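Written out below as structure tokens is the structure these notes cover.
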Amino acid sequence: MPLVSSKEILVPAREHGYAVGAFNTSNLEISQAVFEAAAEMKSPVIVATSESAIEYAGFDNLLNMVRHMADYFGVKAALHLDHGKDLDIAVKCIRHGWTSVMIDASKLEYEENVAATSAVAQVAHMAGVPVEAELGRLAGIEDMVSVDEREAALTDPAQAAEFVERTGCDFLAIAIGTSHGAYKFKGEPKLELDRLSEIAGMVERPLVLHGASSVPQDVLETAAKYGAKLPGAKGVPEDAIKEAVKSGIAKINIDTDLRLAFTGGVRRVLTESPEVFDPRKIVGSGREAIRDVVKRKMRLFGSDGKG
Ligand code: PGH
Ligand code: CA
Ligand code: ZN
């Protein structure tokens, strides 16, 4: 089927208490893995592209590939710009045919974030494209030493409600203690789920969790067994993800876990079969590993059967 807007995917998710994964892609194999998983699980899906992924793969390569796969696999899918830094990149994506964009002006002062987000929302909405915005900073909770520092970084519920109202954004990414990458926590993983519930009580629109990879033990072990060096890697426990979905998170961003799975798959072939030099066998193994991870996420998020 043709690409749909992310609103069509996320509004029902928020309403019915499940979440849909936004999986980052930058090449053929990751995209295939995501779509194969979605088709098998009968799940809707959001395919996310960062600006650097677009630079790597090219606008039209990504667009045509994802558009074709949605059609070929019969999956309800949106093509989303992840962490768009300004109006310029958002407009470029909309012109090319992306069906969802994020403006991430969360590093700016609050009023500047409001202004930047409003500008993108105005333009995107004219094209019928929904907008995700971000309020708060993604940093590991334990990196925030003082109470004041924590308060400044994490999303304030009342401010979140005002922000959505003033900007007209369709989805809101919030900071409740997650961070990007494979090293999210030094000690015990901790999410501020009470804060999430409070935000969800004030904001009816779909909420988004970034930095949501779990760094699953088995995925990490496979990568490490075949030579990856990732000491101290730690993600968000799957139980915490489940709780977050119950509390109003409707879109969950996953990149790191796909990268780890891919690395393990590729390393396994290269290590176990040193005679192999066919790129299809090498990256194909990474593709399989990603597919398994994506299927597991869809079950965890409850989006299976919702396509
Ligand atoms: C993410 C991905 N992309 O926007 O938020 O987070 O690094 O936890 O996969 P992870
Ligand atoms: Ca940000
Ligand atoms: Zn993110």
Side-chain angles (χ1 to χ4, degrees), residues 6 10 19-26 30-31 33-34 37 45-56 62 78-85 89-90 93 98 100-107 113 117 131-141 143 153-155 169 171-186 189-191 196 206-217 219-220 223 228 230 232-238 240-242 244-245 249-264 289-290 293-294 296-298 300-301:
S6 51
L10 294 177
V20 177
F23 301 99
N24 284 84
T25 191
S26 55
I30 300 171
S31 307
V34 168
V45 76
I46 295 171
V47 181
T49 59
S50 65
E51 198 170 345
S52 62
I54 295 170
E55 265 163 35
Y56 173 82
L62 284 174
L79 178 57
H80 175 75
L81 168 66
D82 194 22
H83 293 288
K85 69 173 184 308
I89 181 69
C93 285
W98 265 242
S100 180
V101 293
M102 175 183 190
I103 169 71
D104 178 3
S106 60
K107 285 184 302 294
N113 189 355
T117 301
V131 174
E132 173 184 343
E134 180 167 319
L135 186 62
R137 279 187 303 109
L138 286 202
I141 284 189
D143 291 334
L154 299 173
T155 306
C169 69
F171 327 117
L172 185 67
I174 58 169
I176 52 168
T178 62
S179 57
H180 291 115
Y183 304 90
K184 301 187 193 298
F185 306 98
K186 290 186 201 86
K190 190 181 175 308
L191 291 199
L196 165 59
L207 300 173
V208 182
L209 190 62
H210 282 249
S213 278
S214 292
V215 188
Q217 200 54 40
V219 173
L220 195 59
L230 300 156
K234 201 179 284 181
V236 183
E238 294 189 344
I241 296 290
K242 247 190 175 145
V245 173
I249 293 292
K251 172 174 178 278
I252 300 185
N253 285 26
I254 302 290
D255 188 1
T256 294
D257 284 353
L258 309 189
R259 296 178 177 203
L260 290 171
F262 187 84
T263 298
I290 291 179
V293 165
V294 173
R296 180 152 125 201
K297 297 290 177 197
M298 287 167 168
L300 178 70
F301 303 163

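Positions are given from 1 along the sequence. Counting convention: from 1, in listed order, for ligands and their atoms alike. No experiment lies behind these values; they were computed from the predicted model shown.
Atoms of ligand 1 lying under 4.0 Å from at least one heavy atom of K184, given by number and element, are 7 (O), 8 (O), 10 (P). Against a heavy-atom cut-off of under 4.0 Å, H210 is close to the following atoms of ligand 1: 4 (O), 5 (O). Counting atoms of ligand 1 from 1 in the listed order, those under 4.0 Å from a heavy atom of S213 are 8 (O), 9 (O), 10 (P). Counting the atoms of ligand 1 from 1 in the order shown, those under 4.0 Å from a heavy atom of D82 are 3 (N), 4 (O). Each of the atoms 7 (O) of ligand 1 lies under 4.0 Å from some heavy atom of G181. When each atom of ligand 1 is checked for a heavy atom of D255 under 4.0 Å away, the hits are 2 (C), 9 (O).
Atom 1 (C) of ligand 1 has as its closest protein heavy atom H180 CD2, 3.3 Å. Atom 7 (O) of ligand 1 has its closest protein heavy atom at T256 OG1, 2.6 Å.
Contacts of A22 with ligand 1, taken as heavy-atom pairs under 4.0 Å, are absent altogether. Contacts between N24 and ligand 1, counted as non-hydrogen atom pairs separated by less than 4.0 Å, involve the side chain only.
At the Zn ion (ligand 3), the vertex angle linking NE2 of H83 with NE2 of H180 is 100° (nearest 10 degrees).
Side-chain contact between D82 and H210 is present, with at least one heavy-atom pair separated by less than 4.5 Å. At least one side-chain heavy atom of H83 sits under 4.5 Å from a side-chain heavy atom of H180. Inter-residue side-chain proximity for S213 and L260 is flagged as unmet; no heavy-atom pair is nearer than 4.5 Å. Put simply, the side chain of P189 does not reach to within 4.5 Å of the side chain of K184, judged on heavy atoms. Side-chain contact between I252 and V245: present, with at least one pair of heavy atoms (C-beta onward) separated by less than 4.5 Å. For the pair I176/L209, a side-chain contact is recorded, criterion being any heavy-atom separation below 4.5 Å from C-beta on. I174 is listed as a side-chain neighbour of I249, based on a closest heavy-atom distance under 4.5 Å. Residues T49 and T25 form a side-chain contact, since some pair of their non-hydrogen atoms from C-beta on lies under 4.5 Å apart.
A distance of 10.0 Å separates CG in L138 from NZ in K107, rounded to the nearest 0.5 Å.
Judged by distance alone, with hydrogens and angles left aside, the side-chain atoms of S214 form a donor-acceptor pair with the main-chain N or O of V236 at under 3.5 Å.
Geometrically, ligand 1 and H83 share a nitrogen or oxygen pair separated by less than 3.5 Å. For D257, no nitrogen or oxygen atom sits less than 3.5 Å from a nitrogen or oxygen atom of ligand 1, counting backbone and side chain alike. Taking only nitrogen or oxygen atoms, main chain and side chain alike, I254 does not reach within less than 3.5 Å of ligand 1.
The atom name of the N/O/S atom in H210 closest to the Zn ion (ligand 3) is ND1.
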